[in-house]
Every structure is written in C-alpha cells, then in structure tokens.
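Accompanying notes for the structure given below.
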Amino acid sequence: MASRYNEVYRYSLENPERFWGKAAEQITWYKPPDRVLDITHPPFYRWFPGGVLNTCYNVLDRHVEQGRGNQPALIYDSPVTATQQIYTYQDLLDLVARCAYGLSRMGVVKGDRVVIYMPMVPEAVIAMLACARIGAVHSVVFGGFASPELATRINDAKPRLVISASCGIEITRIIPYKSLLDRAIEQSAAKPEHCIIVQRPELRASLVEGRDRDWSALMNGGRAPCVPVAATDPLYILYTSGTTGVPKGVVRDNGGHLVALHWSMKNIYGVDPGEVFWAASDVGWVVGHSYIVYAPLSAGCTTILYEGKSVGTPDPGAFWRVIAEHKVSVLFTAPTAFRAIKREDPQGDFIRKYDLSRFRTLFLAGERCDPDTLLWAQELLGVPVIDHWWQTETGWAIGGNAAGLGMLPVKPGSCTKPMPGYDVRVLDDTGSDVSPGTIGSIVVRLPLPPGNLVTLWNNDRDFVRTYLEIYPGYYLTGDAGYIDGEGYLWIMSRTDDIINTAGYRLSTGAMEEILASHPNVAECAVTGVADEVKGEVPLGFIVLKAGVTRERDQIIGELIRMVRDRIGPIASFKVAIIVKRLPKTRSGKILRGTMKKIADGEPYHVPATIDDPVILDEIRESLRAIGYPKK
Ligand code: COA
Ligand code: AMP
C-alpha cells in the first residue's frame with residue numbers, strides 16, 4: 001500500500017492537539033479530558049488534563065466487557081522451567097483484581113509506591129496491573145541488578161511494599177532473588193512495611209517473620225474495583241542509568257501513556273486486536289513495560305511472556321518455536337538476540353524447521369543495529385525487519401518505520417524516520433540546525449508527545465538540568481547522529497558515558513566510581529569495546545597506586561567481582577588491564593575515545609594536546625597481549 005506516513009507525520013506536528021485528541025477517543029475515560037494539552041507551565045507540559053481514567057480498566061476490564069473474555073491475553077512460555085500457561089482476558093482480570101484487593105488490604109492506597117523485583121513470571125505482570133488498578137505507582141527493577149542497585153531504587157521510591165520471588169532462572173542456574181532483596185533492604189534507609197514473595201518450586205525462600213508474606217495469601221481475598229485516577233497521575237517509575245552512579249526515576253503518567261501506546265500498536269506495529277504480539281525483552285526494561293504489558297493488552301492482542309534466552313535454551317530454535325507454536329504476528333527484540341542466533345545457526349537451519357507463516361514483521365531496538373544482522377534476518381525470515389529507535393524516557397519509538405501507515409524503504413543501520421508527534425532536529429554546539437548529512441546532537445522540540453517522561457521522580461530539577469536546559473525548547477536525547485537528504489535519521493553514538501551491552505543501558509561512569517573505590521586503584525577509565533554478540537562490552541583500564549605489589553590477576557579478579565556485586569551480572573564487566581598511566585590531554589581529560597579505538601582496532605589520530613604519546617603504544621601492546629583488537 002502507498003505509505004500515509006508523510007501526511008500523518010506532518011499533520012501530527014501541525015495539529016498536535018487534534019491529532020492526539022482523536023487518538024484519545026480510542027480510550028475509555030470516566031471523565032474526558034478538559035483539554036488535550038496544557039502548555040501553561042513550560043517546560044512542564046501535561047497531556048489530557050482533567051481526564052479521569054484507569055489504565056487497568058482499559059487493558060483488561062473493557063476487553064472482557066466487549067467480549068474478549070475467552071481470548072488469550074497472556075501466554076507464559078518458560079523453556080527454563082518447561083512450563084506453558086495461557087491466561088485469558090477473564091483469567092487475567094480475575095487474578096489482577098484479587099492481587100489489587102490483597103494489596104489494598106495491606107494498606108496500599110493510590111499514590112503509594114510498590115517495587116516489583118521479579119523474574120519473568122506471570123505474577124510480575126499481575127502485580128504491575130494490580131498497582132495500576134488501585135492507582136499505586138509501580139517501580140519494576142530488573143532482576144539482573146545486584147542488591148546495591150535495588151537498594152538505591154528502594155531508597156528513592158520509598159515503596160510501602162516490595163513484591164518479589166524466591167528465585168529467577170538463568171537457563172539452568174538458579175538465582176536466589178530473595179536473598180538479594182533481603183540484602184538490599186538491609187542496605188536501604190527506606191524500609192518497606194512488607195515484602196510479598198512468590199515461592200517458586202525451584203527454590204523456596206525463608207520469610208522474615210512479620211515483614212514477609214506469601215503471594216498466595218495475598219490472592220485469597222476478594223476482588224478490587226478500578227480506582228479512577230487523573231490522566232496526569234503517575235502510573236509508574238522506571239529507573240534508568242544516568243551519567244553517574246545515581247539512577248534516574250523516569251515518571252510516566254496514566255493518560256498520555258495509554259493514548260500513545262494504544263495508537264502505536266496499529267500505526268507503528270500494524271497489529272490488530274486478537275493478534276499475537278511478542279516482545280522478547282524483560283518486564284524490568286521499558287520495552288517490557290510498554291510492549292509486553294501495556295500496549296498489546298490495551299490493543300486487545302495476546303502478549304507473550306517468555307522466560308528464557310534467544311539461545312542457550314534447550315532448543316537452539318527457541319525463538320522460531322515460540323513464533324510457530326503461538327502464531328506470533330509481530331516480534332520485537334534487540335539486535336543482540338539475533339546476533340546470538342546468527343552465531344549459533346548462521347545458515348538458518350533451525351528457522352526452516354518451523355511454520356512461520358503467520359509471522360509478519362520483526363522489529364528491533366535497544367541498541368545500534370548492524371546492517372549484517374538486519375539483512376541476515378530479513379533474508380532468512382522473509383519478512384520486513386524494522387529498526388526503531390527509542391529510550392526509557394520516551395516510552396515508545398522516536399524513530400522507526402510505521403508498518404501500520406505503510407512502510408517506507410528500509411535503509412539498514414540504525415536508520416529511521418521520525419515517528420508522528422516527534423519533531424526531531426539535529427543541532428550543533430551553538431544550538432543551530434546542522435545541514436543534512438552533518439552529525440550533531442539529536443534533540444526533540446518540546447512539547448514531547450504523550451507517553452514520554454513527565455519528570456524524574458521527586459526531582460524536577462534534574463529533569464530540567466539533564467534533558468531540557470542544554471538546548472532550551474528541546475529535549476536532549478543524548479544520542480548523536482544525522483538526518484540524510486531523504487529525511488531519514490541515522491543514530492550514530494551516545495554523547496555521554498552510556499554504553500549499550502546486549503541491549504542493556506549501562507553507565508561507564510558508574511563502573512569507574514566502583515573501580516576507583518578499590519584500595520589499590522589510583523585511577524581508572526572504562527570504555528565500551530566492540531563485541532560480536534553483545535554489540536559493546538565494558539573494558540577497564542586501571543592504574544595502581546604507587547607501591548602496590550600484589551598479584552595483578554588477583555586485583556583484577558577483585559575489581560570484576562566488585563562491579564558484578566554492586567551493579568549486577570548484566571554489566572558484563574569481565575575484562576580489565578593494568579596500565580602505567582592513562583592517556584590524557586594536557587588539561588587532564590582522559591582520552592577514552594582513543595583507548596576504545598585502539599581496543600577496536602580502528603584508526604585513531606594522536607591528539608596534539610596529548611601529554612605523553614608513548615602511553616598509547618604501551619596500551620596497544622597490553623591490549624594485544626589479551627587478544628584485542630578482536631577482529
Ligand atoms: N537475573 C539474573 N541474572 C541475569 C538476568 C536476570 N534477569 N539477566 C541476565 N542475567 C545475567 C546472565 O545470566 C549473565 O550472567 P553471567 O555473566 O554469569 O553469564 C549476565 O547477566 C549477562 O547477561 P546477558 O547480557 O543477557 O548475556 P547472556 O550471555 O546471558 O545472554 C543473549 C546473551 C544475547 C542471549 C541475551 O542477552 C538475550 O537473549 N537478549 C535478548 C534481548 C533483550 O532481552 N534485550 C533487552 C532490551 S530490549
Ligand atoms: P534504553 O533507555 O535502555 O532503551 O536505551 C536507550 C538508548 O539505546 C538510546 O538513547 C540509544 O543510544 C540506544 N538505542 C535504542 N534503540 C536504538 C536503535 N534502534 N539504534 C541505535 N541506538 C539505539
């Protein structure tokens with residue numbers, strides 16, 4: 001079909017209130033908004049002020065009322081526990097209403113925070129929706145984070161309750177979540193009143209008398225009705241890496257979020273009610289929030305909750321099995337998942353074993369998508385592969401290729417068109433628009449469309465300082481790139497210390513803070529270096545204090561352990577080298593970019609301002625000794 005993208009995009013920017021007002025008609029409101037957009041307190045904009053709704057009602061109750069009660073809402077597919085379970089909309093509503101009742105009985109009221117620290121089990125989704133049902137604000141913390149990261153989030157969100165599970169399962173390894181939670185609560189100044197624990201058969205956790213309750217006890221009472229909330233009330237907080245060790249609590253509202261996500265299902269993903277949509281991510285990430293839980297359920301689709309990996313599960317064709325067995329129309333995952341599959345099955349032999357006839361489109365996001373992977377997937381799957389670009393902050397795609405509006409030609413390599421609602425610009429250091437093809441800082445003109453962050457939790461000041469102050473009138477994405485002559489946006493790199501490892505967003509600054517706290521370390525730097533599967537992994541450069549004579553391998557082992565224990569295994573911090581000095585400019589700026597280029601085997605130029613060029617040769621030799629560059 002001819003694409004309607006240009007016309008819709010233009011209309012969305014010229015008439016944002018009419019555009020989003022129309023989209024809001026698809027949502028059930030207890031009281032319609034007084035207006036579409038409140039611009040009276042810039043740079044704080046509010047969508048749908050005066051509107052009253054309930055997100056849980058919109059994603060569950062209304063589908064049951066409209067006759068979808070017997071349709072599967074959620075399919076739990078867990079190869080790691082050999083379990084599959086189908087929950088219809090009626091089943092899910094019943095469980096969520098029971099959970100909401102249990103939470104209310106434990107004193108949770110509208111506006112209270114509930115931290116959810118869970119593996120990929122249905123109870124995680126039930127808990128999220130139960131919070132939404134009673135107007136409580138959930139904050140899901142990804143299970144791969146270690147206790148100190150969880151403690152920081154508990155301290156900031158100050159939850160009344162924490163909901164967790166006895167364990168997670170990483171392919172065959174059992175991860176004892178409950179002991180990580182206990183340690184986090186010990187470390188945190190804010191203490192939740194209660195913890196609710198899902199006891200998994202693989203590992204039962206001991207409960208703290210008086211504080212901890214079993215999940216099953218929570219589900220024993222009645223069913224709670226939906227609590228009406230303002231469109232502008234917070235639905236959730238999701239913490240994401242900032243440029244320091246302190247995570248930022250992204251706040252999402254109820255009304256704008258639901259309107260935007262609902263709109264995106266048909267228009268960006270091209271999905272109709274009743275179809276099966278699979279986001280192979282984790283509920284702990286924004287992709288999981290938006291596209292495992294809220295968007296597909298809002299659209300009346302069937303969503304899949306998959307507890308496993310793209311590879312390393314008992315079945316190397318795991319992804320294709322899930323698509324075939326559950327008749328998935330659209331899959332959304334990170335390029336890293338496909339790089340891992342490509343490495344195990346380069347000829348696509350396992351793809352051919354399954355009936356993928358219902359499969360229509362593959363969407364990739366979360367990190368830079370290399371053209372090889374995109375083209376490999378496109379050729380072997382025989383479906384369009386769409387890269388789309390977004391962030392925890394935005395909640396849905398800033399750039400993509402809107403399948404529902406008619407696809408435009410695909411240009412492989414993290415290249416997208418701005419999505420309706422986003423006025424994307426590329427600016428230079430002075431704040432002027434650059435010419436097509438010139439790299440600059442990617443920003444979005446305010447107001448951001450609905451669904452984007454409205455502030456940082458309890459921290460309006462950092463919200464403004466981090467995102468809005470640098471280019472007044474614009475939201476700073478933190479990504480650099482350019483717009484080409486055909487209006488495609490190319491995402492090239494970050495402008496800060498963030499790296500993307502297996503689709504996970506990590507701050508190298510946070511890792512440096514940890515390494516610097518080791519008693520033998522004088523100085524350190526961490527850069528992301530290329531990795532065949534994970535895209536990028538962190539690599540540490542360590543300078544020891546004078547007089548340290550301990551075994552170097554032992555020190556490196558301790559440093560690796562420290563990052564794992566403080567951030568978590570997902571940091572994938574596994575390599576560090578000890579160097580005599582760090583390369584710096586005469587003004588003291590560490591040349592992290594140059595070290596990265598040496599490790600990646602890319603050409604680099606020696607800056608005229610470097611204080612000691614010889615150190616670069618020494619670093620190259622040290623890296624060569626441990627196998628870098630890899631290519
Ligand atoms: N709980 C506890 N530990 C976890 C975890 C969780 N929820 N998730 C990951 N980890 C651990 C892993 O076990 C691994 O530990 P290890 O160092 O002891 O081996 C470490 O964190 C790194 O995990 P990961 O980066 O996922 O590497 P992997 O080798 O286990 O798997 C892929 C690599 C590519 C197969 C896997 O990342 C994948 O399937 N990704 C899909 C894409 C995705 O989910 N992206 C998220 C954003 S959309
Ligand atoms: P997160 O908040 O974890 O979703 O990470 C957001 C960051 O991931 C973005 O700011 C980008 O740096 C990167 N990212 C996400 N999607 C893409 C993409 N399609 N291409 C390139 N980078 C991406």
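Start at 1 and go down the list; that is how both ligands and their atoms are numbered.
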When you check the gap from the basic side-chain N to the acidic O, do [X] and [Y] get nearer than 4.0 Å?
{"X": "Glu512", "Y": "Arg592", "result": "yes"}
{"X": "Lys534", "Y": "Glu367", "result": "no"}
{"X": "Lys178", "Y": "Asp182", "result": "yes"}
{"X": "Asp370", "Y": "Arg368", "result": "no"}
{"X": "Glu469", "Y": "Arg465", "result": "no"}

Where Met407 and Asn401 come nearest, the two heavy atoms and their spacing: CA-OD1, 3.6 Å
Shortest non-hydrogen separation from Gly437 to Tyr482 and the atoms involved: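 Looking at all heavy atoms of both residues, the shortest contact is CA-CD1, 3.7 Å.
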Considering only the protein, which heavy-atom contact is closest to [atom], and what is its distance?
{"atom": "atom 18 (C) of ligand 2", "answer": "Glu367 O, 3.2 Å"}
{"atom": "atom 3 (O) of ligand 2", "answer": "Arg505 CB, 3.3 Å"}
{"atom": "atom 6 (C) of ligand 2", "answer": "Trp390 O, 3.5 Å"}
{"atom": "atom 42 (C) of ligand 1", "answer": "Ala334 CB, 3.8 Å"}
{"atom": "atom 5 (C) of ligand 1", "answer": "Glu170 OE2, 3.3 Å"}
{"atom": "atom 34 (C) of ligand 1", "answer": "Thr336 OG1, 3.6 Å"}
{"atom": "atom 12 (O) of ligand 2", "answer": "Asp479 OD1, 2.6 Å"}
{"atom": "atom 43 (C) of ligand 1", "answer": "Ala280 O, 4.1 Å"}
{"atom": "atom 20 (N) of ligand 2", "answer": "Ser414 OG, 3.0 Å"}
{"atom": "atom 7 (N) of ligand 1", "answer": "Tyr177 OH, 3.4 Å"}
{"atom": "atom 25 (O) of ligand 1", "answer": "Lys534 NZ, 3.1 Å"}
{"atom": "atom 4 (O) of ligand 2", "answer": "Thr392 N, 3.6 Å"}

Cation-pi geometry met for Arg153 and Phe145 (6.0 Å, 45°):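 Yes, Arg153 lies over the aromatic ring of Phe145.
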cation_pi(Lys417, Tyr488) dist<6.0 Å, angle<=45: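 Pair Lys417/Tyr488 counts as cation-pi.
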Donor-acceptor pair, side chain of Asp345 and main chain of Phe350, under 3.5 angstrom: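 Checking the backbone N and O of Phe350 against the side chain of Asp345, a donor-acceptor pair under 3.5 Å is found.
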May I ask you to list the atoms of ligand 1 that are less than 4.0 angstrom from any heavy atom of [X]?
{"X": "Arg564", "answer": "16 (P), 17 (O), 18 (O)"}
{"X": "Gly503", "answer": "47 (C)"}
{"X": "Gly144", "answer": "1 (N), 2 (C), 3 (N), 4 (C), 5 (C), 6 (C), 7 (N)"}
{"X": "Ser310", "answer": "35 (C), 39 (O)"}
{"X": "Phe142", "answer": "5 (C), 7 (N), 8 (N)"}
{"X": "Tyr504", "answer": "24 (P), 25 (O), 26 (O), 37 (O), 46 (C)"}
{"X": "Ala502", "answer": "25 (O), 37 (O), 45 (N)"}
{"X": "Ala337", "answer": "41 (C)"}

Heavy-atom neighbours of Lys597 NZ exceed 12 at 6.0 Å: no
Side chain, backbone, both or neither: the part of Asn500 lying under 4.0 Å from ligand 2 by heavy atom: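 The side chain, only.
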Part of Arg494 within contact of ligand 2 (heavy atoms, under 4.0 Å):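 Side chain only; the backbone of Arg494 stays clear of ligand 2.
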Short N or O distance, Asp387 and ligand 2, threshold 3.5 Å exclusive: yes
Tyr504 ring center within less than 6.0 Å of Trp285 ring center: yes
Tyr291-Phe363 aromatic ring centre distance below 6.0 Å: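 When the ring centroids of Tyr291 and Phe363 are compared, they turn out to be at least 6.0 Å apart.
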Criterion side chain to side chain contact (heavy atoms under 4.5 Å, CB included) on Met562 and Phe573, from CA distance to verdict: CA-CA 10 Å; Met562 280 168 78; Phe573 183 77; over 6 Å; no
Contact atoms of ligand 2, heavy-atom distance to His388 under 4.0 Å: 16 (N), 18 (C), 19 (N)
Proximal atoms of ligand 2 relative to Ile491 (non-hydrogen, under 4.0 Å): 21 (C), 22 (N)
Whether His289 and Tyr236 hold their rings parallel, tilted or perpendicular, with breakpoints at 30° and 60°: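 Aromatic pair His289/Tyr236 classed tilted.
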Any Pro569 heavy atom less than 4.0 Å from ligand 1: yes
Arg173 near ligand 1 by a heavy-atom separation under 4.0 Å: yes
Test log, rule ring-ring contact (aromatic ring centres under 6.0 Å, His included), inputs Tyr239 and Trp457: CA-CA 9 Å; Tyr239 288 89; Trp457 181 249; 8.7 Å; no
Close approach, Gly366 and ligand 2, non-hydrogen under 4.0 angstrom: yes
Distance flag for atom 2 (C) of ligand 1, protein heavy atom under 4.0 Å: yes
Donor-acceptor pair between Tyr422 and Asn452 side chains, under 3.5 angstrom: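 Judged by distance alone, the side chains do pair up.
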Within reach of ligand 1, part of Arg339 (heavy-atom separation under 4.0 Å):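 Within the 4.0 Å criterion, Arg339 makes no contact with ligand 1.
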Ligand 1 versus Lys574: contacting region, heavy-atom distance under 4.0 Å: side chain
Among Ser281, Gly366, Gly284, Ser572, closest by any non-hydrogen atom to atom 48 (S) of ligand 1: Ser281
Closest to atom 28 (P) of ligand 1 (judged by heavy-atom distance), picking from Glu307, Arg505, Lys309, Arg343: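 That would be Lys309.
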Salt bridge (Lys or Arg N to Asp or Glu O under 4.0 Å) between Glu536 and Lys596, intermediate numbers included: CA-CA 11 Å; Glu536 242 182 339; Lys596 173 181 167 50; 3.6 Å; yes
Pairwise side-chain contact, Met120 with Ile292, heavy-atom cut-off 4.5 Å (strictly under): yes
